[in-house]
Protein chains: 2
Amino acid sequence: MRRVSIKDVAREAGVSTTTVSYVLNEITTQTISSETSRRVREVAKRMGYVPNLNARSLTSRKTNLIGIVIPQTEPGREFMFDNPFYGALLSSLEFNARRNGYHLLLTGPASGQSYIGVARNRGVDGIVIVGSYPSSSLDELHQLSIPVVLIDTYVTDESFHTIGINDRQGGLLATEYLLSRGHRGIAFVSGGISEHGVMRQRFLGYQEALEAAGLQVREERLYTGEVSFQHGMQAARELCSQQDITAVFAAADILGVGVVKGLRQQGRRVPEDVSVMGFDDLDLAQICDPSLTTMRQDIAAKGRQAILTILDALDGKPDKQEWIFPVDLVVRDSVRSVGRPVTAQKHRRPDSGEELNE
Amino acid sequence: MRRVSIKDVAREAGVSTTTVSYVLNEITTQTISSETSRRVREVAKRMGYVPNLNARSLTSRKTNLIGIVIPQTEPGREFMFDNPFYGALLSSLEFNARRNGYHLLLTGPASGQSYIGVARNRGVDGIVIVGSYPSSSLDELHQLSIPVVLIDTYVTDESFHTIGINDRQGGLLATEYLLSRGHRGIAFVSGGISEHGVMRQRFLGYQEALEAAGLQVREERLYTGEVSFQHGMQAARELCSQQDITAVFAAADILGVGVVKGLRQQGRRVPEDVSVMGFDDLDLAQICDPSLTTMRQDIAAKGRQAILTILDALDGKPDKQEWIFPVDLVVRDSVRSVGRPVTAQKHRRPDSGEELNE
DNA sequence: CATCCTTACTTAACCGTTTCAGTACCTCTG
DNA sequence: CAGAGGTACTGAAACGGTTAAGTAAGGATG
């Protein structure tokens, strides 16, 4: 039992397929009598005709499909994304795509073959790539002559649109906030620090803040790994051996909540013994206890802008778009001031605790 | 600059498109000389030929696409899924689809029009529907002659495959566990209790357990709404006015963590003052503090089985598949026994606290 | 009354691919 | 040396739709 095609409708209505196509697509350059028009519509409805978008895209060279590439937590792991961050982003991408008549073709980076394969094969109209990948795979994107939006990756390539936040400033503000609370031993827990990734930028912000306060980044206070709850816990367990660490900057909320959990398991109280700072402001940050002081970013805005940028490009706007959304400090309960006021620092007055960056 | 098609390759290699198709698809029913074969392959590679899957699906009547419908939290809200449950499920669906050569076409229920439209238009090979919908929309699914898998919905329709867990038993075990800990005032916080939904089944389990213990469901202890952190918090705030409630069964972890948060905000300690029981065992359950005692379900298995079931059906296996995965009690830190041992109950001995259901 | 313009269609080509049904040539067989 | 069989291809139709170009009929124009 085949689906009904335009031919079936044409035969039943006693007209040509062309006429059916004209009627159903409401082509105004062609006049069709209202009687024929009515009859075609009636027959199409009665027979349950639905156009085959794949066939249509053959002639129109347009699929109304947007490819989404989301990284796997770890290659070979079953889960594409453990981090609720991706769920939130995907939600926004889907919502905005659909309201503009597009659909999402979802894929992780294909194991073995190029992760762009899908996009090429399916002929998606545009592609959104989330996270950073080896630049070799970006090279392949050039071969596709479709709009490409990169979310959360740092590349200088002029042919890609980019969407992100000011990660470096986020790292800077977060660390400055901890410093302003009197912390001097600040650990940094993050995902892998790759060349084009956001983690590197957040690290640079951390470094900048430390150095501005006359402190140095210390190797033994850096805990990089994967962006997961487990790694956060693991890092917390390890850093407990260093007594001079009074605060942890976790460069993702999912890491932050892991750190809190890990500290607890080691018998440390948060924030009384150790302060923890997150990044992202996922729901998670409010869910955990104590609620997480964190750097907020607008994930929904990122998803929305990604789709709009693709649509702009498809509309023929040639300009490269580069969106950088702001980050904001959200003060909650996981950070507290250390007892003695800061006096030894040149650049900071003891009462500087309240000069929050907005 | 058009993509190179099979015709371009054929012309360049000096053969017909048929030959190119035979070579590239390694059709063994047709003999091709190794010299021609080599040449065609070389030319195809050199020209960067990639087959157009849309065109292919026109003749093969197969798109290698699986449609996924995931509910919106609330109609009109920007977010399709706030609940990390869906992220986890989607991950598993994507992973298992891709390893079998399929891709996922993602969509929320289209506002206004039927949410099946996409599936019909795109000609997906199968469709996975997550959550429960009005049965009217299920009727439309009959018109599609493709395999349909329903996850987490209770329908008796023979033409759909179903995948779920034993929600009623989950509700029963959870409530029995709370009862075994001496709780008698047990509130029920859940999503909307619709006819075909999982929440109704979990409620029935709750009711069964109460009645087996000689207790009655009391209307004022039921808090239904949406499945969200916010609703959990709201319910907790409201139930604080009832002093005889010593435990809360939240029928989803995301609700459970909301309840914990809400109770805390009202100055109640968990579990010292009020015990909380969740459902799902998301990462969240370990992330929150106290970690949540909950009913575990295997989300990855659901996703995997959904894809396998679609593939089975596409392979021509005619049988309706109906998978019910087990639920397991996971004891963590959010439930504690109430002080006095239970003596007044006929069916329970005072020491029955340890007869955990495995 | 021949010409032109509308109106209301249809014909046919095309999108990129698959596949059935040839066809041409060569070699082997009886 | 006719016929059979194998090898190595090609032609053309088909999938479901779009669209440029053509056409036939009727009415208005000069």
Side-chain angles (χ1 to χ4, degrees), chain A residues 1-41 43-44 47-65 119-125 145, chain B residues 1-41 43-44 47-65 119-125 145:
Chain A
M1 194 184 72
R2 247 179 51 257
R3 350 188 325 195
V4 336
S5 78
I6 200 170
K7 284 182 193 167
D8 303 319
V9 175
R11 196 181 317 111
E12 185 80 6
V15 294
S16 70
T17 62
T18 307
T19 302
V20 176
S21 177
Y22 284 152
V23 170
L24 266 25
N25 292 316
E26 297 175 357
I27 303 293
T28 49
T29 56
Q30 182 59 48
T31 55
I32 302 284
S33 72
S34 60
E35 158 55 19
T36 303
S37 183
R38 194 201 53 72
R39 184 157 38 89
V40 166
R41 261 183 255 274
V43 170
M47 298 180 80
Y49 170 73
V50 267
N52 180 330
L53 292 192
N54 290 95
R56 179 178 290 170
S57 71
L58 209 51
T59 48
S60 68
R61 293 163 191 289
K62 205 168 165 325
T63 55
N64 275 49
L65 237 34
R120 305 180 63 154
N121 286 325
R122 301 278 179 193
V124 298
D125 293 340
S145 45
Chain B
M1 192 184 76
R2 249 181 50 257
R3 327 181 358 182
V4 335
S5 79
I6 202 170
K7 284 182 193 168
D8 302 318
V9 175
R11 194 180 320 109
E12 184 80 7
V15 294
S16 68
T17 61
T18 308
T19 302
V20 176
S21 177
Y22 284 152
V23 169
L24 265 27
N25 293 314
E26 299 176 355
I27 303 291
T28 49
T29 57
Q30 182 59 51
T31 54
I32 303 284
S33 72
S34 60
E35 158 55 17
T36 303
S37 183
R38 192 201 54 73
R39 183 158 36 90
V40 167
R41 261 183 255 274
V43 170
M47 298 182 79
Y49 169 74
V50 268
N52 180 328
L53 292 192
N54 289 94
R56 178 179 290 171
S57 71
L58 207 53
T59 49
S60 68
R61 293 164 189 289
K62 208 168 164 321
T63 55
N64 275 49
L65 237 35
R120 303 180 64 156
N121 286 324
R122 299 281 179 191
V124 298
D125 293 340
S145 46

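In what follows, chains are A, B, ... by sequence order, proteins preceding strands, each numbered from 1.
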Using atom [atom1] of [X] as one end and atom [atom2] of [N] as the other, report the distance to the nearest whole Å.
X     : N      : atom1 : atom2 : answer
B:I27 : C:dC20 : CD1   : C1'   : 13 Å
A:I32 : C:dT10 : CD1   : C1'   : 10 Å
A:D8  : D:dG16 : CG    : P     : 8 Å
B:Q30 : C:dA21 : CD    : P     : 13 Å
B:K62 : C:dT19 : NZ    : C1'   : 18 Å

Would you say [X] and [Y] make side-chain contact, with heavy atoms under 4.5 Å?
X     : Y     : result
A:N25 : A:R56 : yes
A:I6  : A:S21 : yes
B:V15 : B:T36 : yes

Candidate list A:T18, A:T19, A:V20, A:L24, test side chain to side chain contact (heavy atoms under 4.5 Å, CB included), partner A:Y22, passing option: A:T18
Protein proximity profile, nucleotides 13-18 of chain C - base contact B, sugar-phosphate-only contact S, no contact -, cut-off 4.0 Å on heavy atoms: --BBBS
Under 4.0 angstrom between A:T36 side-chain N/O and C:dC9 OP1 or OP2: yes
Side-chain N,O (A:S57) to OP1/OP2 (D:dG17) below 4.0 Å: no
Main-chain N/O of A:N54 paired to A:N52 side chain as donor or acceptor, under 3.5 Å: yes
A:S37 and A:R41: side chain donor to acceptor below 3.5 Å: yes
Residues A:S34 and A:R38: side-chain donor-acceptor under 3.5 angstrom: no
Sugar-phosphate, base or nothing in reach of B:T31, heavy atoms under 4.0 Å: base
Minimum heavy-atom distance A:V23-A:I32, with the two atoms named: CG2-CG2, 3.8 Å
Non-hydrogen atoms of A:V43 and A:A13 that approach each other most closely: CG2-CB, 4.0 Å
Bending between helix ends of the helix from C:dC1-D:dG30 to C:dG30-D:dC1 [5 pairs per end, 10° resolution]: 70°
